[in-house]
**Q** 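I'd like to ask you about the structure that follows.
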Amino acid sequence: MNAVESLGPAELDGLAADIRAFLVDKVSAAGGHLGSNLGVVELTIALHRVFRSPHDVLLFDTGHQSYVHKVLTGRAGGFDRLRQAGGMSGYPAREESAHDVIENSHASTALSYADGVAKAFRVRGEGSRRVVAVVGDGALTGGMCWEALNNLGASPDLPVVVVLNDNGRSYAPTVGGLAAHLDDLRSGGGSSVFERMGLAYVGPVDGHDVVALETAFRTAASCGRPVVVHCVTRKGKGYAPAENDGERMHAVGVLDPSTGRPVGRGGQTWTSVFGEEIAAIGASRPDVVCLTAAMPGPVGLGPFAARFPDRVFDVGIAEQHAVTAAAGMAMTGLHPVVAVYSVFLSRAFDQVLMDVALHGLPVTFVLDRAGITGPDGASHHGMWDASVLPVVPGIRIGAPRDAEALRALLREAVEDGTGPTVVRYPKAAVGPAVPAVRRVGGVDVLRFAPEARVLLVGVGALAGECLAAADALAARGVQVTVVDPRWTTPLDPALVEMAAGHRLVVAVEDTVAAGSLGGRLAQALAAAGSDTCASTCALPSAFVPHGSREQLLSGYGLDADGIAAAVLERLDSLGERVGLRPVA
Ligand SMILES: Cc1ncc(C[n+]2csc(CCOP(=O)(O)OP(=O)(O)O)c2C)c(N)n1
Ligand SMILES: CC(=O)[C@@H](O)[C@H](O)COP(=O)(O)O
Ligand SMILES: [Mg+2]
């Protein structure tokens, strides 16, 4: 018997209140997902009273709403270091507990996992084990959910319980026909789409009444076939600052719990610079429209939406649809800007390749949270796009080093009518302006040392670290020229020519080394017969854990000290480290 099974109704109410207070206390201190977890307190308590985790398998779609599950499975102590390096993950983590299954924080996957796990139990003769998938109304707007529902509807003997956590919103209110249907169901209207597809339907259920939830879950558990339990909840329940917040405090930084106000954050971010500039562009370019996958606020489309509400399209958590709908818009004379987090574009690679690039369509992808993001861990770092997308024929990828460069690259991107363009930047405050001393071809020279035998190629936001590294190296007698390629794909011939004039070129990139600019530069130098040694300071093809962006970048040598050390090491290996002045 687990900790919650034996509790009576009064004790259950007390437990729910205690958990809510605990969540506000811990998440306001560490940052994390607050509104979503406040909304699933009773739901998760009821789950653990009815189902025997881990014998029965509990799956959380997206996983950002699994904090209560972690409390109920013995991990309350982990919240003091939530999402910190070496601390507890903000998502289910298999190494943390046998109760955790899905580590991927990308939405709309849990029903497919459920279909697979349940079919595997049947094949293995373990058909008595129930499979429960908790999915939000936002995640349910994702196409994979409907692929899974289609299969579940064809498998009447699978004991899968789909717990639909319907709070009516992702960050913003959930959009589309599904939202209208769920509204109908909430008001008791007609048969559900789920029943029409072959699943059973239980609900709507008050998602904050543990007894009602238990009854519904027991009914569902006993029907031995795929069933949807439609739970109606409130995001942010029990904490007024969350309940009154425009995004219900979906994802927060450190807060003052008494007021809900952010503590210590502020300053210009890449996102805010984008938001201002795209709104300015929209004023002079009526053909520019913007698309978001349920994240208008987080990607910075607020200013554009305020000025041009008819030119912003929130498609729900449906990146594949966003990209191909944008292709349709581009085919029809518009210039769409698809604003998504870098890592979420991964699931729409085919759409970028075959719906946009194959047709040479002018779609601009603005990828926020590119590179190491930090606290959201392995399935959130935007470390793949700049290494995967360069294979797309005709694509151009730009990485700004400062706010002015972002504005310029964005304008160049929306001016380009020949094919897909990408502008990518990290989850960080925008650093100080980094002026160029001159431009050669498309390449900005940031620091020129006439006798330099070393060329540092600083990509995007890491250009500042490269300048600091060059200072450190100069103090030790190693002269370095530093450049910013601006557009990292396609490779600028001026960059190749510049690199060929040096003994060593090191590209510094917030992306996976395989497919990086440094790798492509090495290939181009070899093809040109150059004996320049080309190298890259980048990320490994690995799943990088959570931590702060600064810590993780430093750990991978992507800060000034690490870059300087890498240059010295490579010079050493080339026998070029003569006459080195000792560190002062
Ligand atoms: C593929 C993908 N796109 C976007 C996101 C960002 N994201 C995280 S949670 C969320 C909203 C989820 O809404 P819902 O499923 O209703 O859960 P709730 O927070 O309301 O409980 C979004 C858009 C994501 N995790 N995965
Ligand atoms: C779970 C999810 O994908 C988002 O909520 C994400 O965690 C938000 O990330 P930011 O906090 O970087 O906006
Ligand atoms: Mg929701």
Side-chain angles (χ1 to χ4, degrees), residues 2-51 53 58-79 82 88 90-92 97 99-100 110 132-139 161 163-169 203-218 229-245 247-252 255 257 260:
N2 65 32
V4 295
E5 279 181 280
S6 60
L7 299 181
E11 294 165 302
L12 288 172
D13 291 342
L15 174 63
D18 291 348
I19 290 176
R20 273 198 174 85
F22 176 83
L23 290 175
V24 171
D25 175 42
K26 298 300 182 184
V27 179
S28 57
H33 288 92
L34 185 52
S36 308
N37 285 287
L38 289 170
V40 295
V41 172
E42 292 82 5
L43 182 153
T44 310
I45 291 172
L47 280 178
H48 280 280
R49 283 170 59 89
V50 173
F51 299 100
S53 173
L58 300 185
L59 305 171
F60 291 88
D61 195 288
T62 320
H64 63 302
Q65 79 294 55
S66 61
Y67 293 8
V68 182
H69 167 75
K70 292 199 173 198
V71 169
L72 297 180
T73 51
R75 286 171 278 173
F79 282 81
L82 178 63
M88 189 167 74
Y91 301 97
S97 170
H99 295 278
D100 289 6
V132 182
V134 178
V135 61
D137 57 297
V161 177
V163 177
L164 169 54
N165 173 31
D166 177 8
N167 53 29
R169 52 191 318 131
V205 186
D206 177 349
H208 299 298
D209 178 337
V210 177
V211 175
L213 284 162
E214 268 191 62
T215 304
F217 292 161
R218 292 192 196 284
V229 183
H230 181 187
C231 306
V232 180
T233 66
R234 284 203 342 266
K235 196 162 186 174
K237 179 178 169 64
Y239 182 53
E243 292 184 308
N244 299 324
D245 176 65
E247 294 179 343
R248 302 298 187 272
M249 290 194 168
H250 174 93
V252 298
L255 301 172

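Atoms considered below: every heavy atom in the structure, side chains included; atoms not considered: hydrogens, waters and symmetry mates.
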**Q** For His69 and His99, take the angle between the two ring planes, folded into 0 to 90°, and tell me which bin it lands in: parallel under 30, tilted 30 to 60, perpendicular over 60.
**A**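 It falls in the perpendicular class, over 60°.
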**Q** When rounded to the nearest 0.5 angstrom, what is the spacing between CG in Asp13 and CG in Asp209?
**A**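 Interatomic distance, Asp13 CG to Asp209 CG, rounded to 0.5 Å: 8.5 Å.
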**Q** Can you measure from CZ (Arg234) to CG (Asp166) and round to the nearest 0.5 angstrom?
**A**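 The CZ atom of Arg234 sits 13.5 Å away from the CG atom of Asp166.
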**Q** Hey, are the side chains of Phe60 and Gln65 touching, using non-hydrogen atoms and a 4.5 Å cut-off?
**A**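 Result yes, sub-4.5 Å side-chain heavy-atom pair found.
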**Q** If you look at every heavy atom in Gly168 and Asp137, which pair is closest and at what distance?
**A**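 That would be C-OD2, 3.2 Å.
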**Q** If you define the side chain from C-beta out and look only at heavy atoms, does anything of Leu7 sit under 4.5 Å from Val210?
**A**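 No, side chains not in contact.
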**Q** What's the shortest heavy-atom distance between Ala139 and Thr62, and which atoms?
**A**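 The pair with the smallest heavy-atom distance is CB-OG1, 4.3 Å.
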**Q** Say you draw a straight line from CG of Leu82 to NE2 of His33; how long is it, rounded to the nearest 0.5 Å?
**A**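 These two atoms lie 10.0 Å from each other.
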**Q** Are any non-hydrogen side-chain atoms of Val134 and Leu58 less than 4.5 angstrom apart?
**A**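 Of all side-chain heavy-atom pairs linking Leu58 with Val134, none is under 4.5 Å.
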**Q** Would you mind reporting whether Leu34 and Leu255 have side-chain heavy atoms less than 4.5 Å apart?
**A**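 Yes, close enough: below the 4.5 Å cut-off.
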**Q** Contact between Thr233 and Val40 at the side-chain level, heavy atoms closer than 4.5 Å - yes or no?
**A**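 Of all side-chain heavy-atom pairs linking Val40 with Thr233, none is under 4.5 Å.
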**Q** If the threshold is 4.0 Å, N to carboxylate O, is there a salt bridge linking Glu42 and Arg49?
**A**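 Salt bridge between Glu42 and Arg49, a charged N being under 4.0 Å from a carboxylate O: no.
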**Q** If you look at every heavy atom in Met249 and Gly260, which pair is closest and at what distance?
**A**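 What the structure gives for the nearest pair is CE-O, 3.3 Å.
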**Q** Between Phe79 and Asp25, does a side chain to side chain contact (heavy atoms under 4.5 Å, CB included) hold up when you go through it step by step?
**A** CA-CA 10 Å; Phe79 282 81; Asp25 175 42; over 6 Å; no
**Q** Please report the closest heavy-atom contact between Cys231 and Gly207, naming both atoms and the distance.
**A**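 Closest pair (atom of Cys231, atom of Gly207, distance): CB-CA, 4.4 Å.
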**Q** Please round to the nearest 0.5 Å and tell me the distance separating atom CG of Leu38 and atom CG of Leu23.
**A**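 These two atoms lie 5.5 Å from each other.
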**Q** What's the spacing between Asn244 CG and Tyr239 OH if we round to 0.5 Å?
**A**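 Result: 10.5 Å between the selected atoms.
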**Q** Would you say the side-chain atoms of Asn165 pair up with the backbone N or O of Val232, donor to acceptor, closer than 3.5 Å?
**A**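 It does not hold such a pair.
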**Q** To check you understand the geometry: which heavy-atom pair defines the closest contact between Glu243 and Gly236, and what is its length?
**A**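 Looks like CG-O, 3.1 Å.
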**Q** Is Lys237 close to Val41 at the side-chain level, that is, under 4.5 Å between some pair of heavy atoms?
**A**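 Val41 vs Lys237: side chains apart.
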**Q** Looking only at non-hydrogen atoms, find the nearest pair between Val4 and Ile45 and report the distance.
**A**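 Looking at all heavy atoms of both residues, the shortest contact is CG2-O, 4.1 Å.
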**Q** In Å and rounded to the nearest 0.5 Å, what is the CG to CG distance from Asp100 to Leu59?
**A**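 If we round to the nearest 0.5 Å, Asp100:CG and Leu59:CG are 10.5 Å apart.
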**Q** Is the shortest heavy-atom distance from the side chain of His250 to the side chain of Arg169 under 4.5 Å?
**A**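 The answer is no; the side chains never approach within 4.5 Å.
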**Q** Looking at side-chain heavy atoms only, is the closest gap between Phe217 and Val205 below 4.5 Å?
**A**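 Heavy-atom side-chain distance check fails, nothing below 4.5 Å.
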